[in-house]
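Shown next, in structure tokens, is the structure this report addresses.
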Amino acid sequence: MKTLKNYSLTALMLFSSLGISLAQSSKSTIQIGNIEDAPTISKHIYGHFAEHLGRCIYEGFYVGDNSMIPNTEGVRNDIIDALKELQIPNLRWPGGCFADTYHWKDGIGPQENRPTIVNTWWGGVTEDNSFGTHNFLNLCKVLETEPYLSGNVGSGTVQELADWVQYTNFKGKSPMSDLRRENGRDEPWTVKYWGIGNEAWGCGGNMSPEYYADIYNKYVTFMSDADVEGGLYKIASGASNDDYNWTEVLMKNIPKNMLQGVALHHYSVIDWSAKGSDVDFTEDLYFKTMKESWLMEELIVNHTTIMDKYDKEKKVDLIVDEWGGWYEVAEGTNPGFLYQQNTMRDAMIAGMNLNIFNNHADRVKMANLAQTVNVLQAVILTDKEKMILTPTYHVMNMYKVHQDAKLIPLSFESPDYTYEGESLPAINASASIDDAGKMHVSIVNIDAHKKNTVTIDLNALGIKKITGEILMSDKLQDHNTFDNPNKIEPKEYKGFTFKKGVLEVELPPFSVIVLEGSK
Ligand code: AHR
């Protein structure tokens with residue numbers, strides 16, 4: 001754990017290198033940089049993650065086709081509708097830690113023949129394998145989203161993963177495509193995104209990076225690229241937080257033509273042995289969570305610097321396939337199920353991290369919020385037939401305008417958010433311009449008390465009209481409940497002036513704002 005002094009110094013260096021300083025001011029001017037050379041923000045930054053964990057799949061997504069809850073092939077229609085609205089670009093499955101215990105052949109074929117296993121990582125519950133490969137890949141088709149499958153490296157075999165690729169992707173006649181047809185599916189699903197294990201340094205097998213890199217090379221050698229246009233997109237299990245050596249060894253020991261992405265996991269958790277309450281938290285805990293959330297910036301900069309050393313042409317992508325807030329489970333719930341409520345604090349984490357990913361769109365090409373339904377920083381919570389959308393859902397929905405748009409680089413001096421002598425940048429922002437010429441800027445003010453103001457000169461972009469949306473609430477701890485599901489939702493925002501091409505926006509405390517500019 002870094003000391004405050006170290007953190008402040010690192011942050012100071014980092015933000016000054018980005019043109020952002022920590023000077024005290026409540027009014028900031030945002031400068032627009034050169035758009036010509038700017039990267040496109042990959043839509044896959046807005047990806048999601050669904051693990052066989054707690055009530056994410058069972059009682060979350062999947063209620064079975066005999067349920068009274070309206071469903072499509074057993075998946076709740078209200079969840080399908082909500083995720084379609086979000087335009088989720090990809091969905092990672094079946095884990096997480098669960099992935100390295102999962103044998104995909106247990107989850108195909110007639111239900112009554114499927115074996116049960118014990119979900120050893122998450123609550124020791126019995127997994128009946130009723131939601132398997134067909135259920136997941138058919139769901140992805142319904143959602144019009146790309147599946148991202150995590151292969152079992154920890155307790156699986158090379159043959160098992162090679163077979164899974166053949167089962168999902170092979171068009172012609174083969175042992176696995178014949179089996180797929182026997183199970184009712186003629187056409188392959190054509191799965192492009194594959195994770196080669198998960199957290200190989202921990203629950204995925206407690207490996208050293210050198211050992212994992214060798215294993216990675218062996219596994220991918222036998223995964224056939226043939227049936228997917230442009231080949232499979234293979235993602236190596238990546239570092240935890242600031243384990244820079246992990247990234248260094250992978251970049252050094254895996255040939256570039258066998259590697260499309262290297263993962264990184266970082267949760268905004270304040271202390272693994274005392275994570276704090278999901279809803280009943282003080283400003284002290286809020287500030288600490290924000291500090292952990294800001295760390296994502298430093299982690300991406302440092303992992304990217306290592307990747308640049310081995311891959312100047314940026315052929316290998318950084319994939320943040322687990323991120324989000326992590327607290328103690330909601331009172332009275334199973335500690336192994338990781339169910340937590342979602343407050344305005346989570347809206348701050350979401351808005352900030354998505355801004356960070358957008359601003360690093362040259363290297364960060366995919367990210368997956370953990371997790372979609374009923375687990376950790378969920379976008380959807382369910383209780384029997386009831387379903388609610390969380391503040392995080394609303395942030396993701398407001399930000400979807402950035403998907404596949406061209407980044408507009410920004411630089412500015414953020415005022416401080418100061419708490420008991422410690423300071424963090426209060427404001428973070430990102431902007432993009434889409435194919436239709438619409439500009440979007442997303443701005444977050446994490447200060448728990450102070451409003452801040454930013455000005456942006458938009459004359460260079462020829463913007464003539466501005467509209468806006470805001471997500472805010474009275475208290476940081478506010479959240480949506482099954483009895484009051486719409487307490488927090490985006491509202492039209494008019495707290496700005498736009499004169500002679502110069503936009504001045506007032507940012508209320510702990511708010512997320514997305515503005516749209518048109519010509
Ligand atoms: O998202 C919950 C767990 O966090 C995942 O299973 C694991 O990869 C990580 O440690």
Side-chain angles (χ1 to χ4, degrees), residues 47-58 60-61 90-102 117-125 127 131 136 148-156 193-207 209 212 216 235-243 246 261-273 275 278 292-293 295-296 299 319-330 333-342 346 349-350 353 366-381 390 392:
H48 289 262
F49 171 33
E51 179 165 11
H52 286 235
L53 194 179
R55 297 190 306 113
C56 181
I57 298 294
Y58 303 112
F61 276 95
N90 68 72
L91 186 57
R92 180 173 181 246
W93 177 85
C97 295
F98 179 77
D100 283 291
T101 65
Y102 183 63
I117 59 165
V118 178
N119 192 332
T120 44
W121 289 112
W122 307 118
V125 293
E127 160 69 57
F131 188 89
F136 177 69
Y148 166 14
L149 293 179
S150 287
N152 180 346
V153 167
S155 70
Y193 297 94
W194 291 85
I196 317 304
N198 169 74
E199 297 194 348
W201 42 264
C203 66
N206 282 306
M207 305 177 202
Y212 172 70
Y216 175 95
I235 299 166
S237 165
S240 170
N241 303 306
D242 59 356
D243 184 354
W246 187 274
V262 169
L264 165 67
H265 289 181
H266 170 60
Y267 285 98
S268 301
V269 61
I270 56 166
D271 177 349
W272 286 106
S273 55
K275 297 188 275 295
D278 55 344
E292 283 303 314
S293 187
L295 204 54
M296 184 64 89
L299 295 173
I319 309 293
V320 189
D321 56 13
E322 287 185 32
W323 67 274
W326 191 325
Y327 319 110
E328 301 299 348
V329 297
T333 65
N334 186 328
F337 282 11
L338 310 187
Y339 177 85
Q340 59 191 42
Q341 247 296 355
N342 198 290
D346 297 280
I349 297 175
N353 278 272
M366 187 191 278
N368 302 77
L369 175 64
Q371 298 192 4
T372 322
V373 184
N374 291 336
V375 170
L376 299 176
Q377 194 175 338
V379 289
I380 295 170
L381 301 176
T390 65
T392 300

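Indexing begins at 1, ligand by ligand and atom by atom, following the structure's order.
- With E51 contributing its side chain and C56 its backbone, the two residues share no donor-acceptor pair below 3.5 Å.
- T390 places no side-chain N or O within donor-acceptor distance of the main-chain N or O of I380, the cut-off being under 3.5 Å.
- With hydrogens and angles ignored, the 3.5 Å screen pairs no side-chain donor or acceptor of T392 with any backbone N or O of A378.
- Listed by atom number, the atoms of ligand 1 under 4.0 Å from E199 heavy atoms are 7 (C), 8 (O), 9 (C), 10 (O).
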Pair S293-N353, side chain to side chain donor-acceptor pair (under 3.5 Å): steps then yes or no: CA-CA 7 Å; S293 187; N353 278 272; 3.1 Å; yes

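- At least one donor-acceptor pair closer than 3.5 Å links the side chain of Y58 to the backbone N or O of F131.
- Annotation for F49 and L91: closest pair N-CD1, 3.9 Å, computed over non-hydrogen atoms.
- Heavy-atom distances between F49 and ligand 1 reach below 4.0 Å in at least one pair.
- Within ligand 1, the atoms closer than 4.0 Å to a non-hydrogen atom of C97 are 5 (C), 6 (O), 7 (C), 8 (O), numbered from 1 in the order shown.
- Contacts with ligand 1 closer than 4.0 Å are made by side-chain heavy atoms of N198 only, the backbone lying farther away.
- Of the protein's non-hydrogen atoms, the one nearest atom 4 (O) of ligand 1 is E322 OE1, 3.2 Å.
- Within ligand 1, the atoms closer than 4.0 Å to a non-hydrogen atom of L376 are 1 (O), 2 (C), numbered from 1 in the order shown.
- Taking all atoms of both residues into account, the shortest heavy-atom contact from H52 to W93 is NE2-NE1, 3.0 Å.
- With a 4.0 Å cut-off on non-hydrogen atoms, W326 touches ligand 1 through its side chain and not its backbone.
- Atoms of ligand 1 found under 4.0 Å from any heavy atom of Y267, numbered from 1 in the order shown, are 1 (O), 2 (C), 4 (O).
- Here is the list of ligand 1 atoms found below 4.0 Å of a heavy atom in Q371: 1 (O), 2 (C).
- At a heavy-atom cutoff of 4.0 Å, ligand 1 is contacted by no atom of F98, backbone or side chain.
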